Trainee: 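Take a look at the following structure, please.
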There are 2 protein chains.
Amino acid sequence: MNNSLKDLRAERGWSQAHLAELLDVSRQTVISIENGKYDPSLPLAFRIARVFGQPIEAIFQEDEA
Amino acid sequence: MNNSLKDLRAERGWSQAHLAELLDVSRQTVISIENGKYDPSLPLAFRIARVFGQPIEAIFQEDEA
DNA sequence: TTTAAAGGTAAAGCACGCTTTACAAAGGAG
DNA sequence: CTCCTTTGTAAAGCGTGCTTTACCTTTAAA
């Protein structure tokens with residue numbers, strides 16, 4: 001799974017720490033998701049979508065075959 | 001997280017075993033998600049959405065406050 | 001030059017997502 | 001009644017999602 005978290009966050013001028021607060025997760029979690037270490041849980045994906053005002057499918061993309 | 005998996009599956013007349021095959025997961029996984037034992041991973045949520053031809057947000061709903 | 005903010009890595013620990021195997025109960029078909 | 005399908009539970013095992021703490025590097029401001 002790819003995601004555009006880093007871009008969306010940059011567009012808004014938010015730090016990783018600030019985004020982590022908005023999402024109610026640790027800064028480590030934001031770093032790990034942005035850098036593709038793992039995918040968020042579904043509930044967290046919903047919070048991310050809400051924070052950025054976009055559908056989940058607009059932020060996360062399945063790896064192409 | 002609530003989901004309408006059971007209804008969507010019933011509408012199509014599929015067994016849990018058949019849906020599990022379509023999603024490439026075990027039958028146990030389908031049962032557990034339908035019965036709310038846990039939420040699917042994000043990649044699996046994408047496959048579920050694709051199988052039913054609906055956006056993730058149409059199938060899964062965050063618990064209301 | 002010192003300080004602070006921002007991004008990153010590492011490692012240990014816990015809970016959850018998913019697997020496999022096995023067993024059980026209910027309903028319909030023969 | 002017997003057989004098969006469907007749904008469900010239980011339990012053990014593995015990898016991942018997320019946490020906390022600690023430390024490092026780069027950049028910019030005082």
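Keep in mind that what you see is a predicted model, and the values were worked out from it rather than measured. Proteins get letters first, then strands, A, B, ... in listed order; numbering begins at 1 in each.
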Trainee: For DNA chain D, determine which residues of residues 11-19 of chain A have any heavy atom closer than 4.0 angstrom to one of its atoms, and list them numerically.
Mentor: none
Trainee: Without decimals, in angstroms, what is the distance between B:Arg9 CZ and D:dT5 P?
Mentor: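 The distance from CZ of B:Arg9 to P of D:dT5 comes to 16 Å, rounded to the nearest Å.
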Trainee: Among residues 40-60 of chain B, which ones have heavy-atom contacts with DNA chain D below 4.0 Å?
Mentor: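 Per residue number, the list is empty: none.
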Trainee: Please identify each residue that fulfils side chain to side chain donor-acceptor pair (under 3.5 Å) with B:Ser32, with sequence neighbours left out.
Mentor: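 B:Ser32 satisfies side chain to side chain donor-acceptor pair (under 3.5 Å) with no other residue.
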Trainee: Could you check how far OH of B:Tyr38 sits from C1' of D:dC18, rounded to whole Å?
Mentor: 18 Å
Trainee: Assigning hydrophobic clusters by single linkage (Ile, Leu, Val, Met, Phe, Trp, Tyr; side-chain heavy-atom cutoff under 4.5 Å), is B:Ile31 placed with B:Leu22?
Mentor: no
Trainee: Map A:Val30 and B:Asn35 onto DNA chain D by nearest heavy atom, then report which one ends up closer to the 5' terminus.
Mentor: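 Closest to the 5' end, via its nearest nucleotide, is B:Asn35.
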Trainee: Working to the nearest 0.5 angstrom, can you tell me the gap between B:Ser4 OG and B:Gln61 CD?
Mentor: 5.0 Å
Trainee: Quick check: on DNA chain C, is the nucleotide nearest A:Lys37 upstream (toward 5') of the one nearest B:Ser32, or the reverse? Name the residue that is more 5'.
Mentor: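 On the 5' side of the pair lies A:Lys37.
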Trainee: With axes from five pairs an end, tell me the bend angle of the helix from C:dT1-D:dA30 to C:dG30-D:dC1, nearest 10°.
Mentor: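 Result, rounded to 10 degrees: 30°.
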Trainee: In whole angstrom, give the distance that lies between atom CG of B:Leu5 and atom P of D:dG8.
Mentor: 12 Å
Trainee: Any ring pair (Phe, Tyr, Trp, His ring centres under 6.0 Å) involving residues 17-44 of chain A? Give me the pairs, sequence neighbours left out, ordered by first then second residue.
Mentor: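 Those involving residues 17-44 of chain A are A:Trp14-A:His18.
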Trainee: Measure the shortest side-chain to side-chain distance between A:Pro40 and A:Phe60 over non-hydrogen atoms and say whether it is less than 4.5 angstrom.
Mentor: yes
Trainee: Provide, to the nearest angstrom, the distance between the NZ atom belonging to A:Lys6 and the C1' atom belonging to C:dG7.
Mentor: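 Atom NZ in A:Lys6 sits about 8 Å away from atom C1' in C:dG7.
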Trainee: Name all residues meeting the side chain to side chain donor-acceptor pair (under 3.5 Å) criterion together with B:Ser26; count only those two or more places apart in sequence or in a different chain, and write none if there are none.
Mentor: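 Applying side chain to side chain donor-acceptor pair (under 3.5 Å) to B:Ser26 gives B:Thr29.
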Trainee: Between B:Asn3 and B:Ile33 (side chain of the first, backbone of the second, donor and acceptor by atom type, cut-off under 3.5 Å), is there such a pair?
Mentor: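 Between the backbone of B:Ile33 and the side chain of B:Asn3 there is a qualifying donor-acceptor contact (under 3.5 Å).
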Trainee: Dump the pairs, protein N or O against N or O of nucleotides 28-30 of chain C, anything under 3.5 Å, distances to one decimal.
Mentor:
none

Trainee: For DNA chain D, which residues of residues 20-28 of chain B approach it to below 4.0 angstrom with any heavy atom?
Mentor: B:Arg27, B:Gln28
Trainee: Please report, rounded to the nearest Å, how far the C1' atom of D:dG15 is from the CG atom of A:Asp39.
Mentor: 13 Å
Trainee: Which salt bridge (Lys or Arg N to Asp or Glu O under 4.0 Å) pairs, counting each pair once, include a residue from residues 6-20 of chain B, with sequence neighbours left out?
Mentor: B:Arg9-B:Glu34
Trainee: Looking only at the side chain of B:Ile31 (C-beta and beyond, no hydrogens), which of the listed nucleotides C:dG8, D:dG8, D:dT16 gets closest?
Mentor: D:dG8
Trainee: Could you tabulate the donor-acceptor pairs under 3.5 Å formed by side-chain atoms of residues 43-59 of chain A, not counting sequence neighbours?
Mentor:
| residue | atom | partner | partner atom | Å |
| --- | --- | --- | --- | --- |
| A:Arg47 | NE | A:Leu23 | O | 2.9 |
| A:Arg47 | NH2 | A:Leu23 | O | 3.1 |
| A:Glu57 | OE2 | B:Ile56 | N | 2.8 |

Trainee: Taking salt bridge (Lys or Arg N to Asp or Glu O under 4.0 Å) as the cut-off, I'd like each qualifying pair that reaches into residues 36-45 of chain B, sequence neighbours left out, listed once.
Mentor: none
